[in-house]
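Beneath this line is the structure, given in structure tokens, with notes to follow.
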Amino acid sequence: MKTHQDIRQRIHHQRIRHIVDSYLLAGDQASPFDTYLSELMGEYASGLIELALVETLAKSWLTIPMQRGVPFLSSAHERLKQWQQEAASESTSNFLFSSLSPSQFSQITGLEPSIAFSALISPAALPTQSAIE
């Protein structure tokens, strides 16, 4: 029997996969991309990963050809690291900020934004700097 936590984890994984598959973000590097993505999913809250993917996607739209594969995921990882540094900074509030609004996130992904944006409210879900390095 699946627990509530198992179901929640599967939903989060499916949401991330939906974003990746909808925009063909893995490119022609599916295996290395999936390995890297799995590592990120082990280190960061899934909502933050969703937001980082979509922010990176929005920034990449003006680049032709659009960055995909591991380089795309590296850019999203940099955004995750920025949030981690902001969360560790004593000068910031208890909230992190996205460059996207919930409405923009929903328009880009077709997903309910509150699940992703709730991760910005609890920066404690971010790993420590030593976990990143």
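No experiment lies behind these values; they were computed from the predicted model shown.
To the nearest 0.5 Å, the span separating OG on Ser22 from CG on Leu53 amounts to 11.5 Å. The line from OG of Ser38 to CD of Glu43 is 11.5 Å long, rounded to the nearest 0.5 Å. Between the OG atom in Ser106 and the CG atom in Leu100 there is a gap of 11.5 Å [rounded to 0.5 Å]. Separating the NE2 atom in His12 from the CD1 atom in Ile49 is a distance of 10.5 Å, to the nearest 0.5 Å. Once rounded to the nearest 0.5 Å, the distance linking CD1 of Ile16 with CE of Met41 reads 4.0 Å. Remark: Ile108 CD1 to Glu55 CD distance equals 9.5 Å, nearest 0.5 Å.
Contact record, Ala116 with Arg15: N-NH2, 4.0 Å, taken as the closest heavy-atom pair. Heavy atoms only, all atoms of each residue included: Leu37 and Leu73 are closest at N-CD2, 3.4 Å. In this structure, Leu51 and Trp83 approach most closely via the heavy-atom pair CB-CH2, 3.6 Å. Heavy atoms only, all atoms of each residue included: Ser99 and Gln104 are closest at O-OE1, 4.0 Å. Residue Leu120 comes nearest to Leu48 through the heavy atom pair CD2-CD2, 3.7 Å, listed as atom of the first residue, atom of the second, then distance.
Looking at heavy atoms from C-beta onward, Ser60 lies out of side-chain contact with Arg68 at the 4.5 angstrom threshold. Here the side chains of Ile7 and Ile11 are in contact, with some heavy-atom distance below 4.5 Å.
Linking Ile, Leu, Val, Met, Phe, Trp and Tyr whenever their side-chain heavy atoms come within less than 4.5 Å puts Val70 and Tyr44 in one cluster.
Using modelled atom types and a 3.5 Å distance limit, the side chains of Arg17 and Gln14 yield no donor-acceptor pair. Side-chain polar atoms of Asp34 and Ser31 form no donor-acceptor pair below 3.5 angstrom.
The side chain to side chain donor-acceptor pair (under 3.5 Å) search around Ser75 returns Gln67, not counting sequence neighbours. Residues forming a side chain to side chain donor-acceptor pair (under 3.5 Å) with Tyr36 (at least two apart in sequence, or on another chain): His77. Under the rule for a ring pair (Phe, Tyr, Trp, His ring centres under 6.0 Å), the partners of Phe105 that lie at least two apart in sequence or sit in another chain are Phe117. Glu112 meets the side chain to side chain donor-acceptor pair (under 3.5 Å) test with Ser114; sequence neighbours excluded. Applying the side chain to side chain donor-acceptor pair (under 3.5 Å) test to Thr56 and every residue at least two apart in sequence or in another chain returns nothing.
Annotation for Gln82: atom CD counts as buried by contact number, over 12 foreign heavy atoms lying within 6.0 Å.
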Test log, rule side-chain contact (heavy atoms from CB on, under 4.5 Å), inputs Phe72 and Gln29
CA-CA 11 Å; Phe72 177 89; Gln29 303 172 336; over 6 Å; no

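The main-chain N or O of Leu111 is found under 3.5 Å from a side-chain atom of Thr109 such that the two form a donor-acceptor pair. Remark: side-chain polar atoms of Trp61 are not paired, donor with acceptor, to backbone N or O of Met66 under 3.5 angstrom.
Between Glu86 and Arg79, at least one side-chain N (NZ, or NE/NH1/NH2) sits under 4.0 Å from a carboxylate O, which counts as a salt bridge.
Listed by first then second residue, pairs satisfying ring pair (Phe, Tyr, Trp, His ring centres under 6.0 Å) with a partner in residues 16-35 number zero, not counting sequence neighbours.
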